K.L.:
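This is the structure I want to talk about, given as structure tokens.
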Protein chains: 2
Amino acid sequence: MSDFFRSGSKGRTFKAFWDEMGNSVNLKELSQRLQLSQTTVSRALNGYPEVSPATRARVAEMAEQLGYMPNSQARRLATGRSMAIGHVIPRSIHEMMNPIFLEFIAGAGETYSKHGYDMILSVVEDADEEEAYRQIATRKKADGVIIHGPSRTEHRHKLLQGLNLPFVVHGRIPGAEEETSWIDMNNRRAFERATNLLLDLGHTRIALLNGLEYMDFAHRRREGFENALAARNLTADPELMRSADMTEPFGCDNAISMLRLDNPPTAFLVSSMITAIGVARAVGQCGLQTGKDVSIITHDDALSFLPNSGEVPIFTCTRSSVRYAGQKAAELLLDMISDPFQKPSSLHLDAELIIGQSTGPAP
Amino acid sequence: MSDFFRSGSKGRTFKAFWDEMGNSVNLKELSQRLQLSQTTVSRALNGYPEVSPATRARVAEMAEQLGYMPNSQARRLATGRSMAIGHVIPRSIHEMMNPIFLEFIAGAGETYSKHGYDMILSVVEDADEEEAYRQIATRKKADGVIIHGPSRTEHRHKLLQGLNLPFVVHGRIPGAEEETSWIDMNNRRAFERATNLLLDLGHTRIALLNGLEYMDFAHRRREGFENALAARNLTADPELMRSADMTEPFGCDNAISMLRLDNPPTAFLVSSMITAIGVARAVGQCGLQTGKDVSIITHDDALSFLPNSGEVPIFTCTRSSVRYAGQKAAELLLDMISDPFQKPSSLHLDAELIIGQSTGPAP
DNA sequence: TTGAAAGCGGTACCAC
DNA sequence: GTGGTACCGCTTTCAA
């Protein structure tokens with residue numbers, strides 16, 4: 001900061017005046033000072049080949065000197081591309097996925113910045129979600145959108161298809177896998193592997209603390225859990241399965257009540273670090289030891305404020321960076337936008353299974 | 001969803017065609033079908049008084065029927081207002097304040113939606129932050145911005161003043177309180193009160209687990225803590241004060257090492273729920289009981305995924321909704337934008353001090 | 001290689 | 001009350 005009043009000696013007064021006003025040069029002014037047409041200046045700046053090197057250099061220098069930047073609105077209007085990606089966040093989804101969501105957004109945002117795109121975020125009441133998408137499409141606010149948190153009975157993709165608005169799904173829409181572009185983590189497999197690990201350790205009473213199961217991801221996780229049990233001729237005890245918003249108290253309260261059962265679980269499979277922390281608290285409150293009396297495996301979205309790394313992570317976990325997913329989703333979408341006739345593509349990420357301090361052989 | 005192909009009987013073919021293409025009607029077409037000038041239609045839609053009620057109704061109906069919505073880029077270009085607010089998130093701030101930040105954003109977003117504003121979020125590398133603000137101003141991407149997480153040696157406000165870009169600070173910029181608009185929580189007072197509560201309970205060895213103290217808010221919290229001690233002729237023990245990113249392990253690791261001191265603290269004052277959860281874990285690991293052997297008071301930003309409510313909250317806390325702060329910050333900013341000659345104003349929120357289960361008399 | 005001019009889709013001033 | 005028209009700032013044919 002601080003050199004924002006600098007300018008070429010020749011343009012001193014002029015530039016200083018504008019800067020003072022917070023104004024900036026536009027194409028017309030720039031071209032006038034260069035004694036060139038707007039056309040040529042525009043072409044020079046946008047890298048069109050037919051401009052002579054000399055001219056281009058001259059233009060570039062002056063533009064730099066005057067701090068010229070094209071007005072986005074004008075450019076958008078002229079090109080018909082808004083150079084922005086929309087994210088619509090209905091209140092419910094935001095409340096539920098809060099931190100995970102931000103991490104995803106951050107990843108996507110990095111990609112957008114790199115490619116000169118803006119991110120526009122609409123936080124709306126659930127009832128206004130459809131309208132928000134309509135506006136994005138009709139008022140041309142964004143060139144594409146990301147669908148967050150698809151449910152098992154998803155419908156947003158139909159709306160978007162009808163609006164002819166490109167989109168990428170974070171997660172998967174059951175039944176529309178082929179016709180949509182998406183990026184998802186292999187939830188079923190991750191939870192199957194995690195369950196197997198617990199089974200291998202001798203646990204048979206395993207509790208599942210899952211996200212809301214009308215959400216596609218949570219449903220898949222449960223399938224993975226149940227499949228693994230079934231493969232060993234076990235069936236899940238309904239008493240040991242809960243699903244809700246993945247808060248800390250959800251983990252703690254349920255773990256406590258389960259640990260007080262006559263036949264308590266010896267292990268917990270948990271859908272989020274936050275909930276897992278709650279479980280760990282419960283374990284402590286019951287006078288038990290995590291990793292010894294009770295094992296915990298959690299899914300870890302690799303959130304920056306909940307690090308679970310170090311030589312031996314606190315929690316044994318299935319880990320998949322949701323930030324990375326955000327980056328990739330954005331790349332996918334920008335690709336689709338640049339080539340509208342591409343067919344849908346998708347990315348399936350595998351979670352790592354990482355051994356930490358929270359698991360051990362069944363007591 | 002699903003009625004997006006509906007249309008008036010007369011315009012059936014036309015509308016269906018456009019909709020199929022994902023296209024939408026523009027002002028010109030709308031006015032042609034109405035046999036009116038664009039001017040009149042525009043006026044009717046924008047609520048100008050000089051339009052006859054009959055005309056206005058006719059226009060409104062047809063617009064509704066054709067699903068007309070003005071193109072934002074065009075309107076922005078014409079009016080010179082971008083109807084968007086920018087939030088620039090440098091990587092460092094985002095990593096640090098992750099969940100709190102999202103909650104604030106969500107609050108602000110609600111306000112923007114209500115007032116027809118868009119929110120544009122730029123996630124950038126720290127080194128590109130200044131450039132991001134420059135672009136917002138120069139390319140007219142937004143009509144104003146919010147400054148997040150001011151440090152004790154803040155400079156962004158100078159840049160923005162130079163760029164003539166309206167802004168509101170979430171937090172306070174030391175030394176620029178008068179010349180800037182801001183919304184902040186009374187951090188010093190909150191921590192002073194919390195400390196007094198602990199002192200009243202007989203605690204004298206009180207530990208402080210604070211956020212990074214080059215951040216203004218964290219610095220103020222520390223002042224509050226130290227003031228309260230000083231008022232009783234106590235001074236803080238440097239061994240019992242730590243400051244860092246407010247993660248869970250930060251709380252746990254430090255609490256453990258402190259609890260192992262010869263003269264361990266009997267109470268912890270903590271800057272964030274997440275860190276407090278870490279402290280609670282440490283307490284458990286040391287075989288002690290929270291609220292009995294060790295007291296904890298934390299600041300609670302009222303994050304939705306970390307509820308600390310119920311009849312008796314888990315943690316005794318100073319609580320202030322950061323989401324509410326977001327709403328208010330947005331309102332302040334929109335106000336400033338609508339009346340540029342207003343002088344700076346600010347809002348000072350007081351945190352509630354709420355008694356939960358995590359505090360008790362000193363052992 | 002460069003320039004003139006016609007949009008892009010609205011808003012808003014000035015007549016009528 | 002309504003309409004004609006000149007912008008807003010940039011991109012992009014079409015000519016030269």
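This one's a predicted model, so the numbers in the text were calculated from it and none came from an experiment. Labels below follow one simple rule: chain letters A, B, ... track the order of the sequence lines, proteins then strands, and each chain is numbered from 1.
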K.L.:
Whole angstroms only, please: what is the CD-C1' distance between B:Gln35 and D:dT2?
P.N.:
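Rounded to the whole Å, the gap is 14 Å.
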K.L.:
Salt bridge between B:Arg134 and B:Glu130, side-chain N to carboxylate O under 4.0 Å?
P.N.:
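B:Glu130 and B:Arg134: salt-bridged.
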K.L.:
Does B:His170 have its ring centroid less than 6.0 Å away from the ring centroid of B:Phe101?
P.N.:
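So the answer is no for these two rings.
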K.L.:
To the nearest Å, give me how far apart CG (B:Leu45) and C1' (C:dG9) are.
P.N.:
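After rounding, the reported distance stands at 14 Å.
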K.L.:
Indicate the ring-plane relationship of B:Phe104 and B:His148, choosing parallel, tilted or perpendicular according to the 30° and 60° boundaries.
P.N.:
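It falls in the perpendicular class, over 60°.
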K.L.:
Taking only side-chain nitrogens and oxygens of B:Ser37, does any of them come within less than 4.0 Å of OP1 or OP2 of D:dG4?
P.N.:
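Answer is no, no contact under 4.0 Å.
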K.L.:
Measure the spacing between CG of A:Leu334 and NZ of A:Lys114 and express it to the nearest 0.5 Å.
P.N.:
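It is 11.0 Å, given to the nearest 0.5 Å.
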K.L.:
Which nucleotides of nucleotides 6-16 of chain D have their base under 4.0 Å from a protein heavy atom (B), which only their sugar-phosphate (S), and which neither (-), written as one string 5' to 3'?
P.N.:
--BBBBBB---
K.L.:
Under 4.0 Å between a side-chain N or O of B:Thr55 and OP1 or OP2 of D:dT2?
P.N.:
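So the side-chain polar atoms of B:Thr55 do come within 4.0 Å of the phosphate oxygens OP1 or OP2 of D:dT2, strictly under.
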K.L.:
Is any side-chain heavy atom of B:Asp118 closer than 4.5 Å to a side-chain heavy atom of B:Ile85?
P.N.:
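Side chain of B:Asp118 against side chain of B:Ile85, heavy atoms only: no contact under 4.5 Å found.
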K.L.:
Would you compute the distance between atom CE of A:Met69 and atom CZ of A:Arg75 and round it to the nearest 0.5 angstrom?
P.N.:
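One gets 11.5 Å once the value is rounded to the nearest 0.5 Å.
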